[in-house]
Amino acid sequence: MTAHRLLAPRWLATGGAVLLAGVLGVAMLLQNSGSACAAPPSSAKHKGKATFYDLAGTQGNCSTEPPADDLYVALGRTEYSGATACGSYLDVTGPKGKVRVKVFDSCPECPVGHLDLSRTAFNRIGKEIDGIIPITYRAVPNAPAPGPLSITFVEGTSQYYWAVTIDNHSNPIRSVQAKGPGGAWKKAALEDYNVWIIDGQTGGGPFQVRMTDIYGRTITARNIKLLPQKKQTTSVRFATGSSSAVPPVVPKKKKASPAPSKPSPSPSASSSSPAAPLPESTEAAAAPEEVALAAAEPKASRC
């Protein structure tokens, strides 16, 4: 965990005009700390506000390096969702335009709807001197990642303690399992600093690592060697380059049999008879976006 997320002032602007009092940050923390675990932001549009910060160190709370384009965001406790949101992408729109940012860090004192952006991202959509700007934002399912999914064993990993960070997955990950040669699948637990851990003997590998995203898609990376602190690039992806909502699985409806032809009613009959109900097959199905969002609700993990 990076301590600066908990201690550093978060609302910054040039000219010394904006710096919220520490007591306000404490109040926000108290307001947020009692809330239940929640899902990461959905692809529905949300309203909120944005501030910016400068990273104190080389990693955010998601335990990964900053994206090469320096476009990232820290989320409050609820939307950070125990690190489930790490590695996903948001489209954020402000007074000057829109920017896509990677969830890279946590902001414990930020309430729902308050995004803390990198300075670079903030300047794309607002004036730095303003310090705080109104925004709308939404999650981007299947956002194109800069490369294939990568897996890195953290320092201290051994055959008795399996711990990895996963990056470039784009869609939030709901579950991770791993197994070595001849072994059984073992489930990993997600820590709020975005490390998946199996606390027990797993063997020396190489491993198969099976991952399922919050939309129910499962992929398996193979031949992952036990090499602590060395990033291993896999050949698998959740996203295929599309930035649209994950297509839902909608059961097909049976086609309605054509109604037998009937003689046209007389004018008096048609004006006095109630309108015939529409056949069941013509009722509007749930919008794909709504179905996708319903399928996207992850199980609560950690807060």
- Query: Looking at residues at least two apart in the chain, or sitting in another chain, which of them share a side-chain contact (heavy atoms from CB on, under 4.5 Å) with Leu227?
  - Reply: Lys225, Lys230, Gln232

- Item | Any donor-acceptor N/O pair, Ser158 side chain to Tyr160 backbone, under 3.5 Å | yes

- Message: Quick one, Ile173 with Ile214, criterion side chain to side chain contact (heavy atoms under 4.5 Å, CB included). Give me CA distance, side-chain angles, the key distance, then yes/no.
- Response: CA-CA 6 Å; Ile173 298 177; Ile214 64 171; over 6 Å; no

- Task: Taking the six-membered ring for Trp and the single ring otherwise, decide whether the centroids of His46 and Tyr137 are under 6.0 Å apart.
- Result: yes

- ring-ring contact (aromatic ring centres under 6.0 Å, His included) against Tyr89, all qualifying residues, sequence neighbours excluded: none

- Item | Close side-chain approach of Leu115 and Leu90, heavy atoms under 4.5 Å | yes

- Message: So does Ser170 get a backbone contact from the side chain of Ser88, meaning a donor-acceptor N/O pair under 3.5 Å?
- Response: no

- Item | Considering all heavy atoms, the nearest Ala85-Glu79 contact | CB-O, 3.4 Å

- Any side-chain donor-acceptor pair under 3.5 Å between Tyr53 and Asp105? yes

- Joint cluster assignment, Phe238 & Val236, ILVMFWY side-chain distance < 4.5 Å: yes

- Does Ile166 reach the side chain of Met211, with side-chain heavy atoms less than 4.5 Å apart? yes

- Task: Report the C-alpha distance between Glu191 and Ile197 in whole Å, list the side-chain angles of each, state the deciding distance to 0.1 Å, and finish with yes or no for side chain to side chain contact (heavy atoms under 4.5 Å, CB included).
- Result: CA-CA 8 Å; Glu191 296 296 326; Ile197 294 175; 3.6 Å; yes

